There are 2 protein chains.
Amino acid sequence: MGSARREEILEAALEVFAARGFRGASIDAVAERAGLTRQGVLHYFPSKKRLLLAILELRERLSREHLAARPADGDWAADLAEAVAFEQRHPSFAQVHSVVLAEAVVGQEPAAQYVRERCRSLQDALCGYLTERHGERLPSGLSAPVAAAAVLALIEGVHQMWLVDPEAERYPSIVREAMSVLLGSGDKDAGLSPERR
Amino acid sequence: MGSARREEILEAALEVFAARGFRGASIDAVAERAGLTRQGVLHYFPSKKRLLLAILELRERLSREHLAARPADGDWAADLAEAVAFEQRHPSFAQVHSVVLAEAVVGQEPAAQYVRERCRSLQDALCGYLTERHGERLPSGLSAPVAAAAVLALIEGVHQMWLVDPEAERYPSIVREAMSVLLGSGDKDAGLSPERR
DNA sequence: GTCTATAATGCGATAGAC
DNA sequence: GTCTATCGCATTATAGAC
C-alpha cells in the first residue's frame, strides 16, 4: 500500500500531470520520470484515472497538513492568503488544480464530481462561518452567500492569473487586501478558521 | 475567405472545443458536426492549431460587438457584469475561454501567448482607468493596481465557478455587488468604459 | 472543394514470462 | 514487482482522385 515505489510514482505523476494536464499526460511520461516502465506504473495504479484521483488526494492531504501546522491565531484572512501562497510555492499543486478544474468544466473527466462537490462545500462552509460571525449581512454590506462566493471566486481567479503571469510576491497580498475589503472593515479579529482548500 | 462553409465549420468547432477542450477535441468531431469529413475541415484550416486561433478571434469579435451594441451609459460596473452575463448566455464561449486558459497554464499550447498578453493588457487598461478616475487610491482603500487585479481575478473566478456549478441567475449579481465593494462606495457614476474581455 | 485511401504516430490496457 | 510483447483504438496529416 504505502510502498516507497508508490510514493515515487505519485510524485512523478504530480509533476507530469501538472505540466501537461490530464489528457496531455501519458503514463509513459510518468513512468520514465519515476524510473520504470508504463506497465510498472499500472501495477500500482490500475488505470490513469485512479492515478489522478490518488494525486488529488495527496494534494489535499499535504495542503491540509501544512495549514494545520500553522499557529491557530484565528486570523482567518491571513490563513487564506497563506493557503494561496503555499500553492504558489508548490506550483505543481496549483497547476494540477487548475488543469483538473478546467477539465472538470468539460464535465466528463474523472474528477468532475470531485471538483463540483468541493466548490459547493467550500462555499457552504465559508458562508456558514460568515453568517455565524456577522449575521446575514457583513460589515461590507454584502450578504453572507454573496461574500462567500466572491471570496472563493477571487481566490480561484488569482490562482489562475498567477499561473498565467507569475509575479510571485504580488498575489498573496492582493488576496489579503481584497478579501479584507469584501468582508468589511475590522475583520482582522476573526474567529476560528473554517475548513479550507 | 469568408465563405459560408468556413463559418459553419467555425461554429461547429466552437461547440466541440468548448465541450471537450483543445486536446480532447478531434477534427473528426468538428467535421461531423459541420457535416463534412476531416479532410474537408483541413482544407479550410490547415491545422488544428489554426482552427483554435480562428475560434479565439471569433469569440473576441462577437464579444466586442455585443458590448459595443449596448448603450454607452457609462455604468462601467454594469458593463462588466453584463459581459459576464453575456458569456453565460453563450456557454460555448465561456467554456472555450476556460479550457484554453487552463491549457495556456500548461504553457506549451498554441494559445498560451494570446492568453498571457490578454491578461496583462486587461489589467493595464483597468488599472489606468481606475487611476485616471480616482488617483492612486480608490474609495475602498485599495490601490489601483491591486483593485484592477482583484476585479479581474474575481471575474475569472466567478466564470469558472459558474461553469462548474451553474446557478444561472446568481453570478452576474455577485460580480456586480462584489465589484462595487472592491472599488468603493458610490462608483455608479463611473465614466467611460475601458477595453474589456 | 470534397472525397477515399493511407501513412505514421501515440496511447491505454491486457496477457504472460521471469 | 517489473519486465516484454502485443492488441486495439484514436488521432493528425498527406497524397491524389473526382
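Just so it is clear, the structure is predicted and the values come from calculations on it, not from any experiment. Throughout, a chain's letter reflects where its sequence line sits, starting with A, and its residues are numbered from 1.
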Take atom [atom1] of [X] and atom [atom2] of [N], then tell me their distance rounded to the nearest Å.
X       : N      : atom1 : atom2 : result
A/Glu7  : D/dG1  : CD    : C1'   : 17 Å
B/Glu32 : C/dC3  : CD    : P     : 13 Å
A/His43 : D/dG1  : NE2   : P     : 5 Å
B/Arg20 : D/dT11 : CZ    : C1'   : 11 Å

For this session: Over 60° means perpendicular and under 30° means parallel, so classify the ring planes of A/His90 and A/Phe86, tilted if in between.
Result: tilted

Exercise. Got a salt bridge between B/Arg64 and B/Glu60, using NZ or NE/NH1/NH2 to carboxylate O under 4.0 Å?
Worked result: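 Counted as a salt bridge, because a side-chain N and a carboxylate O are separated by less than 4.0 Å.
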
Exercise. So, is A/Arg6 close to the D/dG1 phosphate, meaning a side-chain N or O under 4.0 Å from OP1 or OP2?
Worked result: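 Looking at the OP1 and OP2 atoms of D/dG1, neither is under 4.0 Å from any side-chain N or O of A/Arg6.
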
Problem set entry | Under-4.0 Å side-chain N/O to phosphate OP1/OP2 contact, B/Thr37 with C/dC3 | yes

Seminar exercise, completed: d(A/Gln123 CD, B/Met161 CE) to nearest 0.5 Å is 5.0 Å

For this session: Could you tell me which residues satisfy side-chain hydrogen bond (donor to acceptor under 3.5 Å, both in side chains) with B/Arg5, sequence neighbours excluded, listed by chain and number?
Result: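 By the side-chain hydrogen bond (donor to acceptor under 3.5 Å, both in side chains) rule, B/Arg5 matches B/Glu8.
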
For this session: For A/Asp28, enumerate each residue passing the side-chain hydrogen bond (donor to acceptor under 3.5 Å, both in side chains) test, keeping only those at least two apart in sequence or located in another chain.
Result: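 Scan of A/Asp28 (side-chain hydrogen bond (donor to acceptor under 3.5 Å, both in side chains), adjacent residues dropped) gives A/Arg38.
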
For this session: Could you verify whether a donor N or O on one side chain and an acceptor N or O on the other, from B/Glu156 and B/His97, lie under 3.5 Å apart?
Result: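 B/His97 and B/Glu156 do have a side-chain donor-acceptor pair below 3.5 Å.
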
For this session: If a protein heavy atom is under 4.0 Å from the base, mark B; if only from the sugar-phosphate, S; if neither, -; do that for nucleotides 12-18 of chain D going 5' to 3'.
Result: BBB----

